[in-house]
*Asks:* 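Have a look at this one.
Note that the structure is predicted; figures quoted are calculated from it, not measured. All chains are named by letter (A, B, ...) in the order of the sequence lines, taking the proteins before the strands, and each is independently numbered beginning at 1. Note that these values count all heavy atoms, side chains included, but never hydrogens, waters or copies made by symmetry.
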Amino acid sequence: MTGAGDDEIIIEVKGLVTRFGSHVVHDGLDLQVRKGEVLGIVGGSGTGKSVLLNMILGLLTPAAGEILYNGRDMTTLNEEERRDLESEWGVLFQGSALFSSLTVRENIMVPLKEHVTMSRSLMAKIADMKLGLSGLPANAADKFPSDLSGGMKKRAGLARALALDPEVLFLDEPTAGLDPIGANRFDELIKDLSKTLGLTVIMITHDLDSLHAICDRVAVLAEKKVIATAPVPELEDNPHPWIQEYFHGPRGRAARAG
Amino acid sequence: MATVEGRRDDPTGLDVIEADGATRLKPSGDWTVHEIGRFERPMMKAASGRVVIDLSELGHLDTAGAWLLGQATEGSDDPDGDACFEGEHPYARRLIAEVRERMAECEDEPKRDGGVVAMFARIGRGMIGFRDETVDTFAFLGRTLTTAASTAVRPHRLRWTATIATMESAGVNALPIIAVLSFFIGAVVAFMGANLLETFGASIFTVELVGIAVLREFGVLITAIMLAGRSNSAFTAAIGSMKMQQEIDAMKVIGVDPFEALVLPRVIACVVMAPLLTLAAMLAGIFGGMVVSWATLDISPAFFIQRLQSAIDWSQFFVGMSKAPVFGLVIAVIGCRQGMKVKGDVESLGRRTTASVVQAIFAVIVIDALFAMLYLELDI
Ligand SMILES: Nc1ncnc2c1ncn2[C@@H]1O[C@H](COP(=O)(O)OP(=O)(O)O)[C@@H](O)[C@H]1O
Ligand SMILES: [Mg+2]
């Protein structure tokens, strides 16, 4: 399937401006996401990574600028096109955002019920399969989100994001709160899926190991803009002081050595 | 060739061919989560005995499709071996194997029970729940009172800011709505009285009727029910969402007693504000009765007030007033207790808020009845 070398642009953010009152979060931000790539987004806490994600998802309205999906401005889509689009997207929010009144299995079944016609038993089977894919133990299926640990919630959120085998997967700090072994398996899974299914992945992360292991390119958010987008080895040579400190600080060196 | 599914204009389909003691499955077109629903049955039916899957016509495959295809060869000794597959596909076999490997063996969904036995079980659980709730509420009341006692010894420990703020939000801000409601209740009582008593030529007794009804019962009841609906639910929601975010746990670890910081200010605010609100409700109710009497019975306000003073004993007023702090206490305790009972999920927050309002109104009415019996015995 499509590899990272493919230059077809699937999502394009142009001149995005975001404001909360007088607080400007993004000022003329540009970002391009290529089809089939795993794009990492890094930046200090509070630089507006999650807000950028919400913008792309259409949950917030930009003060200026536009967001194109497959070359089309998202704000011009009608309701049906919007629905189709939603079934092509899977999202894992920073706080997992599981429905607390549903069990894990039922959570995974929600997108299936919404978009697909099939028997309930098949839906449950597919939900169980996604559960296994995301690395949750089988006994988690009938638990409620409030009974899960933070890392398990992340996995359940990922399973729900994968329910419809989306074309684009948005992940907000997916490995935060996972043990290193779990995080490695998570990285492997994302890599496998993106290779096998040609999945496009946009991943906000602070996990330097993830960046090295699976990201084709990394976008750096600083000074209210994307200051650089490049593969990790190229970024390491970028002279910008924040990038230098990020990749050549003690943690950055450890990740590279590992 | 037996085509099980698939229209001519739709390339997605499944051919099932029985040959040489083996079942040959030939999926065609895109097998994605959107399409496979209709293939569940034929696939499951075919998946017995030796199965060979021909991948040559297969288009795009996703994990859901791969899972369903993988189910067909599940019975084979080597489900991902060469014997089970034919034809070329860029990634189908890898995906099928990978999905199989990661598949979690989950138990089936638990069945929800129904029927008569379940109904009795629910009734039984409800009764036990009622008993437990009552016992627990008294325990909570006790805990609150001991906290209050220990704070009374060291008054500087009281959260004055929180207490005053709650007084404002639960008390002062409720004043307009309570006054308006009481005004209308007083007016309605006067209307009814005027209609009924006029037929006996005793319409002047409307004044007594309004006075006794509003002072003894309606003033304090309206106040209590408004507090239960307005402040008690707010207490539950506020404390409950703190509970959900583990804020209460954080408090305990830091050494802050949640009873002292959260419960006591609310209880004190309610106990103090309930009588004041009741006073306002009484005045508004009597005013409502007075306006109606004036309009329909030509009883002038001056005469109304004079009659009220001469005919109605102060004890009526004190009977009403004496109930107010008790109602305030009960309402605040129930609201705070339900808040503390909230668990990690939003559902339980909603359930507890509902329970809190229902229990508070229930308790108010029951206690009011107890008071009525008490004062009857005491002849007041
Ligand atoms: N709804 C909101 N209202 C006001 N400010 C917000 C809102 N959401 C986010 N912000 C601000 O936007 C900035 C970026 O937030 P966020 O995208 O969550 O950061 P991060 O990059 O750590 O994910 C922060 O300074 C935050 O305070
Ligand atoms: Mg964030």
*Asks:* Would you check if A:Ile41 and A:Thr205 make a side-chain contact, meaning some heavy-atom pair closer than 4.5 Å?
*Replies:*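 No. Closest side-chain heavy atoms not under 4.5 Å.
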*Asks:* Surrounding CE of B:Met119 (heavy atoms of other residues, nucleotides or ligands, distance under 6.0 Å), is the total greater than 12?
*Replies:*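 Counting other residues, nucleotides and ligands, CE of B:Met119 exceeds 12 neighbours.
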*Asks:* Can you tell me which portion of A:Ala163 sits under 4.5 Å from chain B's heavy atoms? Options are side chain, backbone, both or neither.
*Replies:*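 The backbone, not the side chain.
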*Asks:* Using side-chain heavy atoms (C-beta onward) and a distance below 4.5 Å, is A:Thr200 in contact with A:Glu167?
*Replies:*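 Side chain of A:Thr200 against side chain of A:Glu167, heavy atoms only: no contact under 4.5 Å found.
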*Asks:* With sequence neighbours excluded, what pairs up with B:Asp62 under the salt bridge (Lys or Arg N to Asp or Glu O under 4.0 Å) test?
*Replies:*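 Listed in chain order: nothing, the list is empty.
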*Asks:* Is chain B contacted by the side chain of A:Leu189, its backbone, both, or neither, given a heavy-atom distance below 4.5 Å?
*Replies:*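 Both backbone and side chain of A:Leu189 come within 4.5 Å of chain B.
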*Asks:* Taking every heavy-atom pair that is under 4.5 Å apart, which of A:Thr117, A:Leu193, A:Asp192 has the most such pairs with chain B?
*Replies:*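 Looking at each option in turn, the highest pair count goes to A:Asp192.
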*Asks:* Using the side-chain hydrogen bond (donor to acceptor under 3.5 Å, both in side chains) criterion, which residues pair with B:Asp80? Sequence neighbours excluded.
*Replies:*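 By the side-chain hydrogen bond (donor to acceptor under 3.5 Å, both in side chains) rule, B:Asp80 matches B:Arg100.
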*Asks:* Verify whether the ring centers belonging to A:Phe99 and A:Phe144 lie closer than 6.0 Å.
*Replies:*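 Centroid distance A:Phe99-A:Phe144: not below 6.0 Å, so no.
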*Asks:* With chain B as the partner, which of A:Leu164, A:Ile126, A:Val116, A:Leu122 has the greatest number of non-hydrogen pairs under 4.5 Å?
*Replies:*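 The option with the most such pairs is A:Leu122.
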*Asks:* Please classify the contact of A:Ser100 with chain B as side chain, backbone, both or neither, using a heavy-atom distance under 4.5 Å.
*Replies:*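 Both backbone and side chain.
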*Asks:* So which residue, B:His34, B:Glu347, B:Glu40, ends up with the most heavy-atom pairs under 4.5 Å with chain A?
*Replies:*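 Among B:His34, B:Glu347, B:Glu40, the one with the most close pairs to chain A is B:Glu40.
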*Asks:* Does any heavy atom of chain A fall under 4.5 Å from the side chain of B:Leu61, the backbone, both, or neither of them?
*Replies:*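 The backbone, not the side chain.
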